[in-house]
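Since this is a predicted model, take the numbers as computed values, not measurements. Nothing fancy with the numbering, it's 1 onward along the sequence. In each ligand, atom 1 is the first atom listed, and ligand 1 is the first ligand listed. All heavy atoms count here, side chains included; hydrogens, waters and symmetry mates do not.
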Amino acid sequence: MDVIALDDPTDAEVRRWHAVLAAAHAADLCDEPAPDPEETAARLRAPGRRLWGAVDGDVMVGVAELRLPGGPGADRPAEIDIRVLPDRRRRGIGTRLLTAAAEGLRADGRSSVIAQVMAGTPAIPFLESHGFRCVLTLRGLLLRMDDVPADRLERLVASGPPGYRLVRWRGTAPDEHALALARAKHAMADMSAYEGLPWDADRVREMAELVAKRGDDLYTVAAVHGDEIAGFTEVVVSGETPERAAQYDTAVVPEHRGRRIGIWVKAAMLQWLRRERPEVREIETDNSGDNVHMLAVNEELGFRRQRESREYQAFAADLPSL
Ligand SMILES: CC(C)(COP(=O)(O)OP(=O)(O)OC[C@H]1O[C@@H](n2cnc3c(N)ncnc32)[C@H](O)[C@@H]1OP(=O)(O)O)[C@@H](O)C(=O)NCCC(=O)NCCS
């Protein structure tokens, strides 16, 4: 068995890579859609990543992808994804792939790497045995629109705090709200440790344009106090699979917390979507495991707990070397 760099993969190598992803997907507990061959090919050929394959004769038995966001040597953690064929596990293949990727990490001058994995899978003991530490737990939640009684939404929407009003828009924020929305997005600063960039009106518009370019629809509901946005929530309805929408950011600015603004804007969003996009059957969201307030709001609205994913991080110096 050899581990080889595959930085410019041939069509055959891309196909063998995809076969490893498909076999791992079929074997592992996972509620993500099966990997698509074309998407896999496009991703493997996109810039900003390094690839290694573990090959045994003609068979690819494991793969490692190291994403290097922000260009060569950027001061940001890299992201690693390793998959080994289910019937070839516990023979050191994952470790050899990680060792090769660790050399790539150091060669790029990065000091750390992160991995997103599902709780309860072999990835957890694997990463923990190699110097990774859990830095974030995300609880997946799912709301079925049919489970939310219309009269409950009506009551919640009618019980907004005095002095605040609701506004809403589809797509890019209207000029009158763009700057206020950027300010409110700072309320989520604790969640965006890896994003680094400050929010301003241009970045708010760029994010909305990006969603539109993908063919998806961004819906925003905000609570306004004077000319400030006190809290807001965003949902994206995918052009391809509108039946399952995705919750994006929700935040309440610190000085406006404790007035049930979070649940107010979310209830107004559900009511709006129910009327405007009846094809939306479910909304999925992730909550940081320690964000007890947002978890409580979501559970009160009817979101049910699904999978738990975790983010692990390791420093280059702690990873295995050749
Ligand atoms: C996680 C994964 C890559 C590990 O690959 P692997 O080739 O089996 O890993 P290794 O044989 O190198 O394991 C190294 C060590 O990790 C730990 N480990 C790995 N799998 C484990 C398991 N199922 N249970 C307990 N410990 C485990 C052990 O300490 C192991 O050493 P040991 O076998 O001497 O006890 C593989 O299980 C996989 O592809 N999982 C699905 C995809 C995934 O979640 N990838 C993680 C993204 S980074």
Side-chain angles (χ1 to χ4, degrees), residues 1-6 9 13-37 39-40 43-44 48-57 59-69 76-106 108 110-140 194 286 289 306-322:
M1 204 270 308
D2 293 311
V3 170
I4 53 171
L6 290 173
E13 285 164 345
V14 167
R15 275 198 301 277
R16 288 152 82 201
W17 187 294
H18 179 261
V20 176
L21 299 189
H25 178 271
D28 296 321
L29 263 183
C30 173
D31 60 1
E32 284 166 16
D36 174 76
E39 257 171 45
T40 302
R43 201 184 68 240
L44 297 183
R49 66 204 60 225
R50 296 208 49 204
L51 312 171
W52 292 267
V55 290
D56 186 5
V59 187
M60 198 172 281
V61 294
V63 295
E65 177 181 349
L66 183 72
R67 290 182 288 278
L68 300 162
R76 284 170 65 179
E79 295 154 18
I80 180 96
D81 196 0
I82 300 178
R83 309 278 157 121
V84 174
L85 285 181
D87 59 357
R88 302 289 190 116
R89 292 182 186 168
R90 299 303 291 271
R91 298 181 202 176
I93 297 171
T95 302
R96 288 191 55 190
L97 285 161
L98 178 64
T99 306
E103 294 300 327
L105 181 76
R106 294 183 194 110
D108 194 62
R110 310 245 172 179
S111 54
S112 77
V113 60
I114 55 177
Q116 307 266 4
V117 294
M118 304 301 291
T121 66
I124 305 286
F126 173 74
L127 293 174
E128 288 180 348
S129 76
H130 286 306
F132 282 80
R133 298 279 166 271
C134 181
V135 290
L136 186 69
T137 300
L138 288 175
R139 176 96 51 195
Y194 295 117
D286 275 329
Q306 303 279 103
R307 72 220 184 274
E308 179 185 303
S309 64
R310 296 194 193 162
E311 194 164 284
Y312 274 80
Q313 184 167 28
F315 293 101
D318 296 335
L319 290 171
S321 41
L322 287 171

Is Asp87 salt-bridged to Arg89, cutoff N-O under 4.0 Å?
no

How many angstroms lie between CD in Glu311 and CG in Leu127, if you round to the nearest 0.5 Å?
11.5 Å

Who passes side chain to side chain donor-acceptor pair (under 3.5 Å) against Asp318, sequence neighbours left out?
none

Going by the rule side chain to side chain donor-acceptor pair (under 3.5 Å), which residues pair with Asp36 if we only count those two or more places apart in sequence or in a different chain?
none

Taking only residues at least two apart or on different chains, which pairs with a member in residues 110-129 satisfy ring pair (Phe, Tyr, Trp, His ring centres under 6.0 Å)?
Phe126-His130

Of Arg49, Arg50, Arg67, the residue whose pairing with Glu79 passes salt bridge (charged side-chain N to carboxylate O under 4.0 Å, His left out):
Arg67

So if I only count non-hydrogen atoms and take anything under 4.0 Å from ligand 1, which residues does that give, chain by chain?
Asp28, Asp81, Ile82, Arg83, Val84, Arg89, Arg90, Arg91, Gly92, Ile93, Gly94, Thr95, Val117, Pro122, Ala123, Pro125, Phe126, Ser129, His130

